[in-house]
Asks: 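The structure is given below, and queries will be raised subsequently.
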Amino acid sequence: MIKIENITKSFGNLQVLKGIDMEVAKGEIVSIVGPSGAGKTTLLQIIGTLDRPDSGSVVIDGTEVSQLSSNRLSDFRNKHIGFVFQFHQLLPEFTAIENIMIPAYIAGKSTSAAKARAQELLEFMGLSDRAHHKPNQLSGGEKQRVAVARALVNEPSVVLADEPSGSLDTKNKAELHQLFFDLRDKYGMTFIIVTHDESLAALTDRTICLKDGRIVDNLHDETTITAPTTSETTNPIPQEP
């Protein structure tokens, strides 16, 4: 589903990515780990078409996205890629359901269609009763679930997450990690997750390790991948911020 070949990226004299090759299958949940400065977020931004590589190619669902014009790239991103960030980045003046509906409006969907999809996602997230609350009326875990719903509203092929549980407490981390697997099972979505959280990386189908701009390890879990129940993940190993 995603194929990346020989991606390089420099900022001034600093080469951040040094020839990245990787593939991600449809429905796979992949974590990207590595020390700070390894190039993880830069790689995620290039996969998500938020930045362009200096060289190499990125193919998503058969489309060579690195060759698209700016306008076509924006349209592709809106319809095919969902983003979840460490901090929810919800717009404070809008309610939960309104925040979720915004990408659908950008994609040209009708209000009725956008609202129906947002309500479906809120119900799946267990947040139907919070639909008309603004971000300052939601807990940290609720805000991040709304942010995940916003990422899913246009039914993207792939969801890219950058430290999605980094700002959450232990309980909400475990629930968010479980949510990714529940969403994969229900909607068949592909997830690529940049994380420092070893407990999350250990759950994913595959872990890609970056160091100094190169892939140094590509670890498959040889067992059948199933997310643990919430009760099994209530005490993950504490991680550095």
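As a basis for the values below, the full set of heavy atoms in this structure was taken, side chains included, without hydrogen atoms, waters or symmetry mates.
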Asks: S10: what forms a side chain to side chain donor-acceptor pair (under 3.5 Å) with it, not counting sequence neighbours?
Replies: none

Asks: Identify all side-chain donor-acceptor contacts of residues 13-22 below 3.5 Å with residues at least two apart in sequence or on another chain.
Replies:
| from | atom 1 | to | atom 2 | distance (Å) |
| --- | --- | --- | --- | --- |
| Q15 | NE2 | L17 | O | 3.4 |
| K18 | NZ | D212 | O | 3.3 |
| D21 | OD1 | N6 | N | 2.6 |

Asks: Can you list the residues that meet the salt bridge (charged side-chain N to carboxylate O under 4.0 Å, His left out) rule with R117, with sequence neighbours excluded?
Replies: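 Salt bridge (charged side-chain N to carboxylate O under 4.0 Å, His left out) check on R117 returns E120.
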
Asks: Kindly write out the residues that satisfy side-chain contact (heavy atoms from CB on, under 4.5 Å) with D51, not counting sequence neighbours, or none if the list is empty.
Replies: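 If we apply the side-chain contact (heavy atoms from CB on, under 4.5 Å) test to D51, skipping adjacent residues, the hits are K9, F11, Q45, I46.
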
Asks: Report the residues that fulfil side-chain contact (heavy atoms from CB on, under 4.5 Å) with Q137, sequence neighbours left out, ordered by chain and then residue number.
Replies: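 Checked Q137 against side-chain contact (heavy atoms from CB on, under 4.5 Å); matches are H133, K134.
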
Asks: Can you name the residues that form a side-chain contact (heavy atoms from CB on, under 4.5 Å) with F76, not counting sequence neighbours?
Replies: I60, T63, V65, L68, H80, I81

Asks: Residues two or more places apart in sequence or in another chain: which of them pass ring pair (Phe, Tyr, Trp, His ring centres under 6.0 Å) with Y187?
Replies: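 With neighbours one apart ignored, the set is F124.
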
Asks: In chain order, what residues pass the salt bridge (charged side-chain N to carboxylate O under 4.0 Å, His left out) check against D75, with sequence neighbours excluded?
Replies: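 Checked D75 against salt bridge (charged side-chain N to carboxylate O under 4.0 Å, His left out); matches are K79.
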
Asks: With sequence neighbours excluded, what pairs up with E142 under the salt bridge (charged side-chain N to carboxylate O under 4.0 Å, His left out) test?
Replies: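 Here the qualifying residues are R130.
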
Asks: So, using salt bridge (charged side-chain N to carboxylate O under 4.0 Å, His left out) as the criterion, who are the partners of E5 when residues are at least two apart?
Replies: K3

Asks: With S112, which residues qualify under side-chain contact (heavy atoms from CB on, under 4.5 Å), at least two apart?
Replies: S110

Asks: According to the ring-ring contact (aromatic ring centres under 6.0 Å, His included) rule, which pairs have a member within residues 39-59, sequence neighbours left out?
Replies: none

